[in-house]
Amino acid sequence: MQRIRLRYTKRGRLRFTSHRDFQRAFERALRRAEVPMAYSAGFTPHPKVSYANAAPTGTGSEAEYLEIGLSAPRDPATLRELLDASMPDGLDITDAVEARTSGLADRLQASVWELRLDQVEPEAARAAVAAFEAAETVEVQRRTKNGMRTFDARAAVVSLEVADPSDEPGDRPSARPCAILRLVVRHETPAVRPDDVLSGLRVVADLAPPVPAAVTRLAQGPFDDETGTVTDPLAPDREAVEAAPSEGAPHAAAQATTAVGPA
């Protein structure tokens, strides 16, 4: 069975799709693209698709990951193009690589988030960020299925800063103030989400944006302690593919020899 790892996005209005909505759209795309999926055994076989650390509903993302199992080998680049063409605009398949290593989920150690706070003055955001980073702990509450839970939103935050609007891509409104926060957070237990950090800013500095923040995950992957950056989780697979010939190459060569016959 060949395993392919894919990176996909949630953009625009499709950031509001739930994980289940994405699953349905992706399974339809698999059928449209005629992908030779491998299936689980048992009375109710289902396609072998594994999702890793999906972003919450309502947040955009440039870095979501999943893995599929195929019953027949396919070229990852061609497969990516076929699947991307079969997905709705905004749910885009942006990368594909053959899985040659284990532990993709374990590599997703941290995320980089962008939080856009419309109608918030950048100076007010800087003051709140400084208070948050100066605090040893920032206790916030979140409602869970087991009731309200109190936990520290500070420990998992590696860095939090107010980005320079001139460094941000795309058009930004100039008539109203807008603060752009850049957040790097480790994936720990309990998981600290961007809205928990916003709650923490309200706790330490009474920063309460008048409109909901637009949140986008820019990256997720291994965390480099030396540089403080989040790196590409698919890089080990790419390196393994480059270091070794494709598993399908000998089979393809044998088929070619059989078709042509001896000289």
Side-chain angles (χ1 to χ4, degrees), residues 10 15 19 51-65 103-165 167-168 177-233:
K10 289 173 61 179
R15 69 174 56 211
H19 183 56
Y51 298 90
N53 197 39
T57 302
T59 62
S61 181
E62 295 295 314
E64 300 297 289
Y65 295 92
L104 173 62
D106 293 336
R107 286 182 222 150
L108 303 182
Q109 300 168 351
S111 286
V112 181
W113 296 93
E114 180 189 270
L115 288 66
R116 176 172 171 169
L117 310 182
D118 285 316
Q119 302 182 38
V120 172
E121 293 286 353
E123 285 305 316
R126 289 189 183 93
V129 166
F132 184 93
E133 292 199 314
E136 292 186 5
T137 61
V138 179
E139 289 192 345
V140 299
Q141 290 186 323
R142 184 202 304 158
R143 184 174 298 280
T144 69
K145 61 181 180 181
N146 297 321
M148 294 298 293
R149 180 173 186 177
T150 301
F151 60 95
D152 179 20
R154 177 66 184 89
V157 176
V158 178
S159 66
L160 176 62
E161 62 182 6
V162 180
D164 184 348
D167 295 335
E168 298 299 313
C178 178
I180 307 295
L181 305 186
R182 188 65 58 84
L183 167 69
V184 179
V185 60
R186 292 182 186 271
H187 299 166
E188 298 181 352
T189 303
V192 173
R193 306 183 307 203
D195 55 328
D196 299 321
V197 175
L198 290 173
S199 296
L201 293 173
R202 184 164 55 249
V203 168
V204 300
D206 198 28
L207 182 70
V211 296
V215 180
T216 302
R217 174 149 55 194
L218 303 180
Q220 65 171 322
F223 182 73
D224 188 326
D225 288 296
E226 292 186 2
T227 63
T229 59
V230 176
T231 60
D232 181 9

Nearest heavy-atom neighbours spanning [X] and [Y]:
X    : Y    : value
A156 : V192 : CB-CG2, 3.8 Å
A179 : P122 : CB-CA, 4.1 Å
A63  : S61  : N-OG, 3.1 Å
A153 : V157 : O-CG2, 3.3 Å

Distance from [X] atom [atom1] to [Y] atom [atom2], nearest 0.5 Å?
X    : Y    : atom1 : atom2 : value
Y65  : R107 : OH    : CZ    : 10.5 Å
W113 : R193 : CH2   : CZ    : 9.5 Å
R149 : R142 : CZ    : CZ    : 8.0 Å

N/O donor-acceptor pair under 3.5 Å between [X] side chain and [Y] backbone:
X    : Y    : answer
Q141 : M148 : no
E114 : L218 : no
T231 : P222 : yes
E133 : L160 : yes
R116 : T216 : no
Q220 : L108 : no

(message) Checking S111 now: which residues fulfil side-chain hydrogen bond (donor to acceptor under 3.5 Å, both in side chains) with it, not counting sequence neighbours?
(response) H187, R217
Measuring only between side-chain heavy atoms, which start at C-beta, is [X] closer than 4.5 Å to [Y]?
X    : Y    : answer
D118 : P209 : no
V120 : P210 : yes
L207 : F132 : no
V185 : D196 : no
V230 : V184 : yes
L198 : L117 : yes
L201 : L181 : yes

(message) Could you work out, with side-chain contact (heavy atoms from CB on, under 4.5 Å) as the rule, every residue matching E161, not counting sequence neighbours?
(response) R182
(request) State whether D152 and R154 are salt-bridged, where the test is any N-O pair (Lys NZ or Arg NE/NH1/NH2 against Asp/Glu carboxylate O) under 4.0 Å. (result) no
(request) Using salt bridge (charged side-chain N to carboxylate O under 4.0 Å, His left out) as the criterion, list what pairs up with R186, not counting sequence neighbours. (result) D225
